[in-house]
S.K.: 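Attaching a single structure in structure tokens format; questions to follow.
Here the structure is a predicted model, which means the values were calculated and not measured.
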Amino acid sequence: MGDDKLLAELIEDIYSASLTTDDPTPLLARVGQCMGYEVVGLVTARSRYAETDCNAVWGLDLQECQRVEREHNVSLSVITRGGHVLQSGEFAFREELVSDEDFRKLPFYHEFVVPNRTQHGMKICLENSPDRLIFANLARPLAGADVYRQRELAQRLAPHWTRAARIFRKLQQVDVLRRAYSDVMNM
């Protein structure tokens, strides 16, 4: 019962966070703790507006994550399950996306994955649109983490987090339009 209450509060906080531009790192920490992971990062993996970027991370150095995303497109290299690219609201464990053998061959594996112990984890697709591809990357499972429980929690969390991400993007678009309108009126 405690897990259900914690998850309900977390979902409420995710929606609340979509209405603000506050630092999402404390929320990522709560997501990680709830889901049984030590690392959670938000990555815009493809965007017509900017290059691949780690937008926020808990459990790792943000600048290092940003560097490796820009140099190696880490999140884009592990997004396909059986020839199907993860869609908004879908999730998969890393082992379901790429074999251990193929994962070890990736150029960033020994440079970034091994030193940061991020070999195992989960990816939740928050947006897959023509404009952008956004992922929540969870890594470094806590000792004793139950994969079945993590899957159940992801099934419950993913639709809400995806909706909250859409709300956040819509509000950003409204703000851009408001600023453009204001600039035009001030001319």
S.K.: Please find the pair of heavy atoms, one from G36 and one from Q150, that lie closest to each other, and give the distance.
M.R.: O-NE2, 3.3 Å
S.K.: If you define the side chain from C-beta out and look only at heavy atoms, does anything of E69 sit under 4.5 Å from D53?
M.R.: no
S.K.: R94 side chain to Q119 main-chain N or O, any donor-acceptor pair under 3.5 Å?
M.R.: yes
S.K.: Less than 4.5 Å apart, side chain to side chain, heavy atoms only: is that true for V57 and L28?
M.R.: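 No, their side chains stay 4.5 Å or more apart.
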S.K.: With a 4.5 Å heavy-atom cut-off, do T162 and F91 have their side chains touching?
M.R.: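 Result no, sub-4.5 Å side-chain heavy-atom pair not found.
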S.K.: Decide whether L106 and V114 are clustered together by the hydrophobic rule: side chain heavy atoms of Ile, Leu, Val, Met, Phe, Trp, Tyr closer than 4.5 Å, transitively.
M.R.: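 Looking at the clustering, V114 is in the same group as L106.
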S.K.: Are any of the side-chain heavy atoms of N116 and V39 separated by less than 4.5 Å?
M.R.: no
S.K.: Check this for me, if you would: do R151 and D146 make a salt bridge, where the nitrogen-to-carboxylate-oxygen distance has to be below 4.0 angstrom?
M.R.: no
S.K.: Is it true that F135 and L62 fall in one hydrophobic cluster, defined by side-chain heavy atoms closer than 4.5 Å?
M.R.: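 Yes; L62 is reachable from F135 via cluster members.
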S.K.: How close do E38 and W58 get, counting heavy atoms only, and between which atoms?
M.R.: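 Heavy atoms of E38 and W58 come nearest at O-CZ3, 3.2 Å.
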S.K.: Is there a side-chain contact between V40 and M35, using heavy atoms and a 4.5 Å cut-off?
M.R.: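 The answer is no, as the side chains (C-beta and beyond) never meet within the 4.5 Å cut-off.
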S.K.: If we ignore hydrogens and angles and just use 3.5 Å, is the side chain of N55 paired with the main-chain N or O of T44 as donor and acceptor?
M.R.: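 Confirmed, N55 side chain pairs with T44 backbone.
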S.K.: So, do L86 and L97 sit near enough that their side-chain heavy atoms are less than 4.5 Å apart?
M.R.: yes
S.K.: What I'd like to find out is whether the side chain of L157 reaches to under 4.5 Å of the side chain of I14, using heavy atoms alone.
M.R.: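 They are in side-chain contact.
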S.K.: Under the criterion side-chain hydrogen bond (donor to acceptor under 3.5 Å, both in side chains), I'd like the reasoning laid out for E101 against S99: C-alpha separation, chi angles, the key distance, then a yes or no.
M.R.: CA-CA 5 Å; E101 181 182 344; S99 70; 5.4 Å; no
S.K.: Once you measure the plane-to-plane angle for F108 and H72, does it fall in the parallel (<30°), tilted (30-60°) or perpendicular (>60°) bin?
M.R.: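 Rings of F108 and H72: tilted, as their planes differ by 30° to 60°.
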S.K.: Could you tell me whether a side-chain N or O of S88 sits under 3.5 Å from a main-chain N or O of N128, the two making a donor and an acceptor?
M.R.: yes
S.K.: With side chains defined as the heavy atoms from C-beta onward, is the minimum distance between R30 and P26 less than 4.5 Å?
M.R.: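 Contact flag for R30/P26 side chains = no.
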S.K.: Which heavy-atom pair separates P159 from A154 by the least distance, and what is that distance?
M.R.: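 P159 and A154 have their closest heavy atoms at CD-O, 4.3 Å.
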S.K.: Are L60 and Y109 connected, step by step, through hydrophobic side chains (Ile, Leu, Val, Met, Phe, Trp, Tyr) whose heavy atoms are closer than 4.5 Å?
M.R.: yes
